[in-house]
Amino acid sequence: MKPTRRSWAEPFKIKVVEPVKMTTHEQRRRAIAEAGYNTFLLRSEDVYIDLLTDSGTSAMSDRQWAGMMIGDEAYAGSRNFYHLEEVVKAYYGYRYLIPTHQGRGAEHIISRVLIKPGDVIPGNMYFTTTRLHQELAGGRFVDVIIPEAHDPASLHPFKGNVDLDRLESVIREHGPQKIPYVSLAATVNMAGGQPISLENLRKVREITARHGIRIILDATRLAENAYFIQQREPGQQERPIAEIAREICSLTDGCTMSAKKDALANIGGFLAVNDPEIYDEARNLVVVFEGLHTYGGMAGRDMEAVARGIEEAFQDDHIRARVGQVLYLGEKLREWGIPIVMPIGGHGVFLDAKAFLPHLPQEVYPAQALAAAIYEDSGVRAMERGIVSAGRNRETGEENKPKLELVRLTIPRRVYTQAHMDVVAESVLAVYEERERVRGLRMVYEPRYLRFFQARFEQL
Ligand code: P71
C-alpha cells in the first residue's frame with residue numbers, strides 16, 4: 001500500500017543507551033509522599049521518563065564527547081576557552097565573552113554591574129533566577145509582555161512579544177535613568193516557551209535607543225526562538241536559523257546564557273557583551289564569584305562541549321526535529337481535549353492546571369498537585385510552573401498569584417523517542433480521566449529563596 005504521508009525522523013542515530021528503572025504504583029506513591037509532593041525532591045532513580053527540565057539533561061553528540069577528551073585543564077588560558085570565544089562570536093556576534101558556571105552566574109554578574117538600588121528592569125515576563133538576581137542587586141522587575149501571554153488559550157504566534165505601549169509608559173513613569181536595561185528572553189520560558197518576533201524586537205530596539213536604554217537578551221533558548229520566527233514570521237521562511245539568531249543578537253547589547261539548554265551541554269553558561277567598560281567590570285567580578293575569566297567555573301572539557309554544542313544547536317535539521325518532538329506530544333494531548341498552553345512551545349508542553357483541575361483553587365497549589373499525580377500514575381516527572389514558582393512579593397510578603405498555573409512537561413534534546421512521548425501522553429490522559437480525584441496540597445516547609453526547589457507539601 002502507498003503511504004498517505006511522509007514521516008520525518010530525527011537527524012541522528014543512537015550509539016549509547018542508559019537503562020531506566022521501572023517502578024510499581026505503590027513504590028511511586030511512597031516516593032512522592034517522601035519527597036513532600038515536590039518533584040524536585042524525588043531521586044532520579046525513581047523516575048521513569050524525566051521531563052522535569054531540559055536543562056543540562058540533553059544527550060551530547062559523539063563529536064561533543066570527543067571534545068571532552070581534548071579538554072585543556074590549565075588554570076589560565078585554556079585552548080577550549082579560545083574555541084568557545086570564537087564560536088560565541090560567530091553565532092551570537094557579541095565582542096566579549098565572560099564564561100560562567102551556568103546561566104544564573106551570568107545573571108548575577110550582569111545584575112551587579114548594571115543595576116543600582118531603586119532601578120526598574122522591564123522584561124517580557126519574569127524568570128525565577130533572572131528576577132531574583134535583579135532584586136538582590138536592588139532592582140525591581142516590571143512585566144511588559146503582551147497580555148496574550150497570560151492567556152493559555154490565546155493563539156497569538158508571538159506570545160513573547162513586548163507590549164510597546166506598556167514599555168513606553170514604564171519609561172515615562174520612571175525615567176530612562178532608572179532603567180539600566182530591558183531584559184528580553186527568547187524564547188519566554190514561563191509563558192510556555194513562546195517566541196518574540198523580529199518585528200517586535202526591532203521596535204523595542206527603536207524605543208530603547210531613543211532613550212539610551214540597553215537591551216540584555218536571555219539567549220538560553222535563542223535557537224528555538226529563531227526556528228519559530230523562520231516558521232511563522234512573514235518573509236523569514238528562506239533564512240537559516242543561525243542567520244535569524246545572529247540578527248536577534250545584533251539588536252541587543254549583550255546576553256546571558258545557560259549553555260545547559262540550546263547548547264546541548266550538561267553544564268555551563270556565559271555572559272557576552274559589546275561594551276568594553278561593562279566587559280571590564282564583569283571580567284573583574286567573575287574572578288570573585290565564578291573563577292578566572294578564561295574558565296568562569298567550567299572545566300576546559302565543559303567549554304569544549306559547549307562550543308561544539310552551539311555549532312550543532314543552530315543547525316536547521318536539529319532544531320526542526322527538536323521542536324517537532326515537542327509538537328508531537330502537544331498535538332496528541334490537544335487532540336484528546338487536554339487543556340494545554342497554545343501555541344505549543346519550543347521546549348515543552350505546558351498543561352493548564354487551572355483548567356485541568358477546576359475543583360482546586362490556586363491556594364491549594366493545583367499545578368504542584370498535578371505534577372505529583374502524574375508522577376504517581378506513571379513515573380513521568382514534570383515541573384510545577386505556577387504559584388509555588390512565583391514565590392512571594394518581596395515588599396508585602398504576600399504570595400504572588402500568577403495568571404498561569406502550569407505543569408511543564410519539558411523535553412530534553414535528543415534523549416527520548418516517540419514511544420516515550422506516547423507513554424507520557426497516555427499517562428496525562430489517565431490522570432485527566434480521573435482528575436476530580438486529585439487532591440490539593442498544603443505547604444508545610446517553605447524556603448526563603450526560590451522556594452519551589454525545596455518546598456514540602458502534604459495532601460489535604
Ligand atoms: C529550566 C531551567 C532550570 C531551572 C532554573 C530555575 C528554576 C527551575 C529550573 C533555567 C534558566 C532559563 C532561562 C530562560 C535562565 C536560566 C537559568 N532554566 N534563563 O527551565 O530557563 O539558567 O539554570 O543555567 O542557572 O528548567 P541556569
Side-chain angles (χ1 to χ4, degrees), residues 38-42 44 50-58 99-111 121 123-134 136 141 145 149 160 183-196 216-225 248 254-272 289-290 296-298 302 305-306 309 326 341 345-350 367-368 371 381-391 402 404 406-413 415 447 449-455:
N38 184 347
T39 54
F40 278 106
L41 300 179
L42 287 167
S44 137
D50 201 350
L51 306 188
L52 181 72
T53 176
D54 63 333
S55 180
T57 55
S58 293
T100 59
H101 77 287
Q102 60 184 86
R104 68 199 72 178
E107 292 168 348
H108 175 208
I109 289 170
I110 197 68
S111 301
I121 303 96
N124 56 349
M125 199 171 271
Y126 85 99
F127 185 72
T128 51
T129 57
T130 320
R131 183 181 66 189
L132 179 59
H133 281 297
Q134 292 164 354
L136 291 172
F141 176 83
I145 204 165
S183 177
L184 283 190
T187 56
V188 181
N189 192 354
M190 301 301 278
Q194 304 293 331
I196 178 170
I216 300 295
L217 177 70
D218 183 337
T220 296
R221 294 185 185 83
L222 175 63
E224 292 162 15
N225 199 117
I248 294 173
C255 80
T256 55
M257 171 74 184
S258 168
K260 303 174 71 172
K261 285 81 167 174
D262 263 5
L264 298 157
N266 300 122
I267 194 73
F270 58 81
L271 170 65
F289 296 107
E290 301 280 318
M298 281 184 281
D302 297 329
V306 172
V326 179
V341 173
H347 64 303
V349 178
F350 291 66
Q368 189 79 31
R381 169 155 72 171
M383 187 193 288
E384 193 265 6
R385 299 275 72 172
I387 184 170
V388 182
S389 294
L404 297 177
L406 309 176
V407 170
R408 186 181 70 177
L409 300 162
T410 338
I411 318 297
R413 297 161 191 79
V415 171
Y449 299 113
L450 303 174
R451 63 179 186 174
F452 54 91
F453 281 130
Q454 292 149 345

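Order of appearance sets the numbers: ligands from 1, and atoms from 1 within every ligand.
Close approach to R104 involves these atoms of ligand 1, each under 4.0 Å from a residue heavy atom: 5 (C), 22 (O), 23 (O), 25 (O), 27 (P). The contact set between ligand 1 and T128, taken as ligand atoms under 4.0 Å from a residue heavy atom, comprises 6 (C), 7 (C). Residue K260 approaches ligand 1 through these ligand atoms, each under 4.0 Å from one of its heavy atoms: 24 (O). Shown in contact with F453 at under 4.0 Å from a heavy atom are these atoms of ligand 1, numbered in order with element: 6 (C), 7 (C), 8 (C). The contact set between ligand 1 and K261, taken as ligand atoms under 4.0 Å from a residue heavy atom, comprises 2 (C), 3 (C), 10 (C), 11 (C), 18 (N), 21 (O), 22 (O), 23 (O), 24 (O), 27 (P). Those atoms of ligand 1 that come under 4.0 Å of a heavy atom in T53, given as number and element, are 1 (C), 26 (O). Atom numbering of ligand 1 starts at 1 in the shown order; those under 4.0 Å from a heavy atom of G103 are 22 (O), 24 (O), 25 (O), 27 (P).
The nearest protein atom to atom 15 (C) of ligand 1, hydrogens excluded, is given as E107 OE2, 3.1 Å; this is a heavy-atom distance. Looking from atom 9 (C) of ligand 1 to the surrounding protein, the closest heavy atom is M383 CE, 3.8 Å. With respect to atom 14 (C) of ligand 1, the closest heavy atom belonging to the protein is D218 OD2, 3.3 Å. The nearest heavy-atom contact from the protein to atom 27 (P) of ligand 1 is Q102 NE2, 3.2 Å.
The shortest N or O to N or O distance between N189 and ligand 1 is below 3.5 Å. Checked against a 3.5 angstrom limit, the closest N/O atoms of T129 and ligand 1 fall outside it.
Proximity of H347 to ligand 1, defined as any heavy-atom pair under 4.0 Å, is not found for any part of the residue. Only the side chain of R408 comes within 4.0 Å of ligand 1, counting heavy atoms alone; its backbone N, CA, C and O stay farther away.
From T256, atom OG1 reaches atom CG of L217 across 7.5 Å, with rounding to the nearest 0.5 Å. Atom CD1 of I196 sits about 5.0 Å away from atom CG of N124, to the nearest 0.5 Å. Separating the CZ atom in F453 from the OG1 atom in T129 is a distance of 7.5 Å, to the nearest 0.5 Å. To the nearest 0.5 Å, the span separating NZ on K261 from CZ on R221 amounts to 5.5 Å. The distance from atom CD1 of I110 to atom OG1 of T100, rounded to the nearest 0.5 Å, is 11.0 Å.
The heavy atom nearest to atom 11 (C) of ligand 1, considering only F40, F127, F452, is found in F127. Which of S55, S258, G56 comes nearest to atom 24 (O) of ligand 1 through a heavy atom is settled by distance: it is S258.
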Begin with the C-alpha distance, continue with both residues' side-chain angles, and end with the deciding distance and a verdict on side-chain hydrogen bond (donor to acceptor under 3.5 Å, both in side chains) for T130 and E107. CA-CA 6 Å; T130 320; E107 292 168 348; 2.8 Å; yes
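A cation-pi arrangement is absent between R104 and F127 under the rule of less than 6.0 angstrom and at most 45 degrees off the ring axis. Annotation: cation-pi geometry satisfied between R131 and Y126 (NZ/CZ under 6.0 angstrom from ring centroid, within 45° of ring axis).
Between the side chains of E384 and S389, at least one donor N or O sits under 3.5 Å from an acceptor N or O. Using a 3.5 Å distance cut-off with no hydrogens or angles, the side chains of N189 and R385 do not pair a donor with an acceptor.
Ion pair K260/D54 not flagged as a salt bridge, since none of the NZ, NE, NH1 or NH2 atoms sits closer than 4.0 Å to an Asp/Glu carboxylate oxygen.
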